[in-house]
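Here the structure comes first, spelled out in C-alpha cells, and everything after it is commentary.
Residue numbers start from 1 in every chain, and the chains themselves are labelled A, B, ... in the order their sequence lines are given, proteins ahead of strands.
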Amino acid sequence: MSQMILPSQVEQAPELAEVSHDEWLRMYELMVKIRAFEEQVNELYLSGKMPGLAHLYIGQEAIAVGVCQALRPDDYITSTHRGHGHCLAKGASVDRMFAELLGKAPGYCHGKGGSMHIADPDSGNLGANAIVGGSTGIATGAALSAKMRGTDQVAVCFFGEGALGQGILYEVMNMASLWKLPVIYVCENNQYTEYTPYREVLAGDILARPRAFGIHAEEVDGQDVRAVYVASRRAVARARGGEGPSFLLCTTYRYLGHHVGDIDRSYYRSKEEEQRWRSERDPLKILAGWLMRQKIADAQILEEINQRVREEIAAGVQFALEAPYPDPNEVDQHVYA
Amino acid sequence: MSQMILPSQVEQAPELAEVSHDEWLRMYELMVKIRAFEEQVNELYLSGKMPGLAHLYIGQEAIAVGVCQALRPDDYITSTHRGHGHCLAKGASVDRMFAELLGKAPGYCHGKGGSMHIADPDSGNLGANAIVGGSTGIATGAALSAKMRGTDQVAVCFFGEGALGQGILYEVMNMASLWKLPVIYVCENNQYTEYTPYREVLAGDILARPRAFGIHAEEVDGQDVRAVYVASRRAVARARGGEGPSFLLCTTYRYLGHHVGDIDRSYYRSKEEEQRWRSERDPLKILAGWLMRQKIADAQILEEINQRVREEIAAGVQFALEAPYPDPNEVDQHVYA
Amino acid sequence: MSTPKTSTPSALEKGTREITMAQAIREALAEEMRRDTRVFIIGEDVAEAGTPFKVLSGLVEEFGKERVIDAPISEAGFTGIAIGAAMTGMRPVVDIMFGDFITLAMDQIANQAAKVHYMSGGKLKVPLVIRTTLGATRRSAAQHSQSLHAWVSHIPGLKVVLPSTPYDAKGLLKTAIRDDNPVVFFEDKMMYQVKGEVPEEEYTIPFGVADVKREGKDITIVATSSMVQVALAAADLLAEEGISAEVVDPRTIVPLDKQTILASVKKTGRALVVDEGYQRFGVTAEIAAIIAEEAFYDLDAPVKRIGAMDVPVPFSPVLEDLTVPTPEKVAQVARELCGRR
Amino acid sequence: MSTPKTSTPSALEKGTREITMAQAIREALAEEMRRDTRVFIIGEDVAEAGTPFKVLSGLVEEFGKERVIDAPISEAGFTGIAIGAAMTGMRPVVDIMFGDFITLAMDQIANQAAKVHYMSGGKLKVPLVIRTTLGATRRSAAQHSQSLHAWVSHIPGLKVVLPSTPYDAKGLLKTAIRDDNPVVFFEDKMMYQVKGEVPEEEYTIPFGVADVKREGKDITIVATSSMVQVALAAADLLAEEGISAEVVDPRTIVPLDKQTILASVKKTGRALVVDEGYQRFGVTAEIAAIIAEEAFYDLDAPVKRIGAMDVPVPFSPVLEDLTVPTPEKVAQVARELCGRR
Ligand SMILES: Cc1ncc(C[n+]2csc(CCOP(=O)(O)OP(=O)(O)O)c2C)c(N)n1
Ligand SMILES: Cc1ncc(C[n+]2csc(CCOP(=O)(O)OP(=O)(O)O)c2C)c(N)n1
Ligand SMILES: [Mg+2]
Ligand SMILES: [Mg+2]
C-alpha cells in the first residue's frame, strides 16, 4: 500500500539515529525473550503443566517491542488474548508472568487472571482482554483521562485485525478523533482471525476506516522493528503534542496455531506459507542482520544475549513451577474494592 | 461535497423522464400527506389526545417519498423513531396509522407498537425502531434473506445521522459489502441528534465511512425529491443487479422539535436557521415549483391534491379517535408466536 | 460518612428543604463535582440539553463542557471510555438515557467494568457510576420502558442502587460516586418530579442498609424503587381494613440488607415482594427465595411476589397499565396472604 | 412431533446408538437443514473450522458456504442480520462461540428479536435459534466461563433451552429450529464429548416438559444443564447413606414445566435447586421462589439453592474449582436438608 514505509525509507529515518546501541541491543533482547517465553509456554502446554490454553505471539515480536520502545514507563497499553509479548515489552518480568500463566500466587494477578487477563499496572499495562475489541474503550478512556488530568501520557491499544469486526472500535475512534485524544490504535494484522483468512471476513480498505473518522493512519511493516519504532515515535509525538490519535496497521504473521492446541492448520493455511514468513520475514533475523551490518553487534554479542535470555526463562519457569497456588480463601477476595 | 448531485444535473438525469406525470403527482400527494399527517399528530399531542410522544418528519418528506418511489411493493424497508413518513411512503394508510398512534385496536400493531414501532409487513415495512441503529441489522438481514431465497427484493435501511454513532452499523456494512447484499443505507442527516448539532459528536467525513467498507456512497440533496429518486433508482438497480449495497447521505432538516414536546429549541439552534430551511429548501415547494414549471401541474391541480389530503387526514383521525382500545386480554397475546 | 438509619431527615439538626428527585440527583452530582475534580459526566445530550429529562440542567454552566461531556450515540463506546478513565485516576459518571439501552453496553459493564478488579488480583479499580432509568407507564413502548436491573444485579463486581425518594437518591448517589467499584444507579423516570425532604446539610447514605419506609406488624412488603410508593399506597388501603403492613425498601439490592428484611418478616410472618422488573427470573425471585429459605420457620404463609407482567411493554395505555403492579393489586395479594378476601 | 416423556430412548422401537453431545447437535442441525432449506448457520469460524469446539465439523461440506456462513467477529451485527433474515422467511441458527459474548448482542436479542412479534401485534415472527455455551472449569477465566442464561430467561419473548444429555440436545434443538420464536440454546462446553444414547429414528422433544432423570422419594434436586450430572452423582452419594434423591431436569427453563417440579416436591417434601449460573439473582432464585410459593404447605424444610459462587470466574484451577457446585457440595446441602449431618 502506498503509505507503507519501505525498508529503505526506514533506514533513512532520522529517528533511528537517535536510538543508542544499547537500546538496539535491549530491543533485540526483548524480542528474543518474547520468543523464548512463548516457546516455553508451548512446552508447558504440551507437557500438560499449564492449565487452559494460550495464544502465542511468535512471529509478531517486532510490533510489541517497536511500539513500547517509543513509550515512557508511565504510558499505558491495553492488550489482547495474544498478549504476552505486549506485557513483556512494556516491562513485566518473566517469572511473575509464568506464575500467572500457571495460576500461582505470585503471578501478576494472583493467578486470577491467567494468560488472557494478565495486567501489570506498575509498568502501565492495563491488561490483556479476552473479548476481541474489548479493550478499545479502555485504552481510549485512559487517553481521555491523561488529557483531563493534564499529564502528557499516551495510551496504546493493541488489537488483532479481527477486532475490526467489533463495532465498539468505530464508536471509540470517533470520540478519540473528536476529542483529539492521545491514543494510538495498533492493529496487528497477522492474516487470520482464528481459523479464517481475514479477507474472507473483511471488506474494503483497512486504512480507510480510521481515516474516515479523521484519524491519521499508516501501514507499517510489522516484521521490521525499526519500521514499527519509527512509526510509533511519530504517532507518540503527535499524541503528546495534542494532535490526536493515530492508527498503525502492522502487517505480520503468527507462526504457530491460533492457540497452543491448534496443531493441524492445513485446512486453513499451507505449511509453505508458514515457512515463507519464517524464512523471509522473521523479525529476529531482520533485526539481527541489520545489527551486524551496522556493527552494533557481532555474533558473539547476540549469542550472549540469547544465553542470558535462556537463563532468565529457565529461572522464571522454575520459579513459577515451584510457586504456591493462591490460598483458597482468595476466591472471594477482590470482587469488590 | 463533490459527489452531491446538483439540481441542474438532476434535471438532466434520464431517470426523471421515465416517471409519468401521474407518478409525479402521486409523489407530491404523498409528500403533502406526510406533512399533513404530522401536523395532525402534533395537534393530537398538543390537545392531549395522543399518549406519549412522537418524532415528526416535517421537512424530510422528500427522502421517504423519493426512496420508496424507486422501490417495489415487495421490497423491504426498516425505519426509525422518526418513522411516520417512511411508513406512509411505503404504502400504509392514514387511518390505521392514526389508530396505532392512539393505541387503538385497528392500529397496524393492535396499538401495541405505537409511533416508535409501527410496522406494516404487507407493504414491506419491517418496522420502526426506537433503538438508534437498531434496525441496521434487520435491514441487512432482510437483504441476505432476499439473496438466499433467490428473489430480487431490495431492503432499504432508513436512519438518522445519529446512528453513525452505533457500532453495529459498521459491523453490518462490512458484511453487506462482503456478501454483496441488496441493501441501501439511507442516512437522513437532519443536522441534529436530539438536541446536539451533529458535528459536535461526529468526526471525519461521513461518506468516507461506507466507502472504507467498499460500499458505493453518494451525497444527495434530501430536499429535492427528484434527486433522492434518481440516486435511489441507481442504488436499487445496483442492488437488484447483484452489485451490492449503497449508502445515500441525504442532507435535510427537521423543521420542528426532536419530538412534539421539544418546543423551546433556542439553546441548540436559531429561529433564523429554521426559517431559512423552511423558506429556501422546502421539499414541497421545490417539487411544486418544478411541477408547475414543467406544466405537469397547475395551481388548481395542486390545490385539489391538498384538499383530497385534508379530507383523508380528517377522516383518518376521526376513524382513530372513534376506534376502540384493544381488549385487555390482548395484553399477554403475541408474546410468543 | 453520616449514616442515618431512617428516611426521616427531619431528625437531623439543621432542618430540611423540599426538592424533587431530579434536583436531588443534580445536587448530588454538583456537590461531588465540586468536592472532587476527578468526577465528570459523560453521555448523550448531557450538556446544554441537560438530558431529555432535564435532570442535569445547569451543570454544564458550572462545570463546563470538559466535565459534562456530550457524547455521540455510542453507549458501548462511551461506557468503555469511562471504564478506561476510571482505571487511570478519574471518577466518571456515565449517563445512559434509558435503562433499555444498557443492552448495548452489557459487554463493557459485565465483562469489563465488573471484572477488572478481580481479574487483576485487586490491582486495578473501576470507580464508575452508571446512571440510568427504569419504569413504565410513560407510554414509551417496549424499548423505552423496561426495568432491567435484574441483569446487572446478577453480575458479581457490580453494585446496584434503586432510590425511591429524593432523600435516598441524593445520599446514595453521593455514596456511589465515592465508591471504588462500578455502581449502576437506576432512576425511575416517572418519579423525577416527585418531591421530598432533604437535609440542608451534607449527608450520604451507606450501601446495604435497607430503610423501613413504614412500620407494620401483619405483613412485610419489600418494595424497590418505583414500587415503594405503590407499596405505601397499598399499605394505606390495607390499613383501612385493619391490616398493618410494613414497607421495607432495600435501597441497594447489591449489596442487599438481608438482616432488615428478615427481621421484618420474622416479626410479621408474611412477605410480599414487589419490583417493577419483569417478574420471571427477576429481582422478586431472589428476595423471595432468600426470605423463603432464611425465614422459613417464621412464615405463616407462602412468600408472594409481584413484578411487571412477563410481556414486552405495550404502547397502548389500556394495555400498559395492566402490566405494572398497582396499589390495588398489591393490596389484593397482601389481603389474600393475610387470609382475607 | 413425537413426544417421549422420559429420557429413556430405549423405549423407542428401532433401537439406539451412542453418540456424543457434539454429534447430537450436529445431527440435529444436519437433519433440519436437509428437511428445510430455509435453515442456515451463521457465526464465527463455523465453516471449515466447524467452530473451535468442532461441533459443526462436516456441515459445510454437505451444505456449502452459503448455508454455513463464516461471519466476522461481529456478534451484534450477525445476530441482527439473522433477525432480519428470520423476519423475512429464513430460519437462521446463530452460533455465538462463548456464552460470555451474548453481552455484545443483548440489544439485538432482548430489544429486537424478543419483541418484534409482540410490537407488531403478531404480524412479524422471528424464527431464530441462538446456540451458545455455558459452563466453567475449562480454565478459560472470567470472560470465557460464564453461564448467563438467567439474563435471557428474564426477557419475555425468548425461549431458553438447557440440554443435559445428547438425547435431549438433539431432540430439543430440532424443536428449537422448528419453533417460530427466538430460542436461546445453551450448550455446556465441558460436555461436548460426553456420550449418550439416541434413537436411530427421528424424534423431537417438546419444550416445557421436564424430565425426571432419577426417581427418588426423600428430596427433589432440580438441576439444569451441566448440573444434571452433578446432581446425579450427588444422588449416588446420597443413596449410599440411604437418602433417596429425585433429580428433575427442566430441560427448558422458558417455558418452565412447573407441574413436574411441583409434583416432585410435593412428593418428597424437600427441594434443592442447582444451576451453574451465578447464584445471586440467578436461575435458582426463580425456581426456588416458585417452589417456595406453590408447594409451601408441602415443604418439610426450606428450599435451598446452589449456584456458582458470586465471583468472576478465576483462572487458577485451585480457585475455579471452588466456584462451581460439586457432587459433594450438593450432597452435603441435601443431607442437611434431610436432617442428617
Ligand atoms: C467478542 C469475541 N468474539 C469471539 C471471540 C473468540 N476469539 C478469540 S480470538 C479470536 C480471533 C481474533 O482474531 P484477531 O483479532 O485477528 O487476533 P489474533 O488471534 O489473530 O491475534 C476469536 C474469534 C472472542 N474472544 N471475543
Ligand atoms: C441506542 C439509543 N440511544 C439513545 C436513544 C435516544 N434517542 C432517541 S432519538 C435520538 C437522536 C437520534 O438522532 P438521529 O439519528 O440523527 O435521528 P433524528 O432524531 O435526527 O431523526 C436519541 C439519542 C435511542 N433511542 N437509542
Ligand atoms: Mg489476526
Ligand atoms: Mg438527526
Side-chain angles (χ1 to χ4, degrees), chain A residues 76 78 100 105 107-114 116-122 124 126-131 133-149 151 153 155 157 166-176 178-179 181 183 326 330 332-337, chain C residues 37-40 42 65-67 69-92 94 104-105 107-108 110-128 155-159 179-183 207-208 254-255:
Chain A
Y76 299 111
T78 64
E100 187 61 33
Y108 274 107
C109 310
H110 295 217
K112 287 177 166 174
M116 289 206 288
H117 303 292
I118 200 159
D120 178 23
D122 289 340
L126 297 176
N129 208 304
I131 301 294
S135 74
T136 54
I138 294 170
T140 310
L144 174 65
S145 162
K147 185 167 177 170
M148 292 184 89
R149 288 180 289 110
T151 73
Q153 289 163 292
C157 181
Q166 289 286 320
I168 190 172
L169 174 64
Y170 305 94
E171 298 188 2
V172 301
M173 286 202 300
N174 183 48
M175 288 181 266
L178 265 176
W179 303 331
L181 302 183
V183 55
E330 276 236 23
D332 59 1
Q333 285 170 16
H334 302 135
V335 181
Y336 293 98
Chain C
T37 57
R38 297 170 302 175
V39 180
F40 72 95
I42 186 167
K65 289 195 83 146
E66 281 72 37
R67 291 182 70 198
I69 304 178
D70 268 340
I73 311 176
S74 306
E75 284 80 3
F78 63 73
T79 302
I81 286 175
I83 295 168
M87 287 164 68
T88 54
M90 301 299 291
R91 304 184 79 84
V94 169
L104 292 154
D107 182 66
Q108 291 299 314
N111 279 335
Q112 311 297 342
K115 296 181 173 41
V116 161
H117 185 62
Y118 190 87
M119 294 192 304
S120 69
K123 287 199 185 147
L124 290 160
K125 286 179 191 167
V126 186
L128 170 77
I155 303 298
L158 302 174
K159 297 186 177 180
D179 198 290
D180 271 344
N181 297 286
V183 177
F207 287 177
V254 181

Which value, rounded to the nearest 0.5 Å, describes the distance between A:L126 atom CG and C:I83 atom CD1? 12.0 Å

Using heavy-atom distances under 4.5 Å, tell me whether A:L178 contacts chain C through its side chain, its backbone, both, or neither. side chain

Just how far is it from atom CG of C:D107 to atom CD of A:Q166, taken to the nearest 0.5 Å? 7.5 Å

Roughly how far, to the nearest 0.5 Å, is CD1 of C:I73 from CD of A:E171? 10.5 Å

Please flag which part of A:A139 lies under 4.5 Å from any non-hydrogen atom of chain C: side chain, backbone, both or neither. neither

C:I69 versus chain A, the contacting section by heavy-atom distance below 4.5 Å: side chain

Please rank C:M87, C:Q112, C:R38 by heavy-atom pairs under 4.5 Å with chain A and give me the top one. C:Q112

Check whether C:S120 reaches the backbone of A:A119 with its side chain - one donor and one acceptor, N or O, closer than 3.5 Å. no

So, the part of A:Y170 with a heavy atom under 4.5 Å from chain C: the answer is neither

Could you check C:Q108 against A:I168 for side chain to side chain contact (heavy atoms under 4.5 Å, CB included), going step by step and ending with a plain yes or no? CA-CA 10 Å; C:Q108 291 299 314; A:I168 190 172; 3.3 Å; yes

Part of C:V254 lying under 4.5 Å from any heavy atom of chain A: side chain

Taking all atoms of both residues into account, what is the closest heavy-atom pair of A:C109 and C:M119, and its distance? CB-O, 3.1 Å

Partner chain C: residue of A:G167, A:G107, A:G111, A:P121 with the largest heavy-atom pair count (under 4.5 Å): A:P121

For A:Y108, is the NZ or CZ atom of C:K123 found under 6.0 angstrom from the centre of its six-membered ring and inside 45 degrees of the ring axis? no

One should read off an interatomic distance between A:H110 NE2 and C:Y118 OH, to the nearest 0.5 angstrom, of 11.5 Å

Is there a donor-acceptor contact under 3.5 Å from the side chain of C:D180 to the main chain of A:A337? no

Hey, what do you get for CD1 (A:I131) to CG (C:N111), rounding to the nearest 0.5 Å? 4.5 Å

Heavy-atom proximity to chain A below 4.5 Å, by part of C:F40: side chain

Cut-off 4.5 Å, heavy atoms of chain C, and the answer for A:D122 is neither

Atom group of A:Q153 that falls short of 4.5 Å from chain C, counting heavy atoms: neither

Heavy-atom pair with the smallest gap, counting every atom of A:H334 and C:H117: O-CD2, 3.1 Å

Can you give me the closest heavy-atom contact between A:K112 and C:G121, atom names plus distance? CD-CA, 4.3 Å

Heavy-atom distance under 4.5 Å to chain A: side chain of C:I42, backbone, both or neither? side chain

Looking only at heavy atoms and a cut-off of under 4.5 Å, which of C:E75, C:K125, C:K159, C:E66 has the most pairs with chain A? C:K159

Report the distance from atom OG1 of C:T88 to atom CG of A:L144, rounding to the nearest 0.5 Å. 8.0 Å

For the side chain of A:Y336 and the backbone of C:G157, is there at least one donor-acceptor N/O pair under 3.5 Å apart? yes

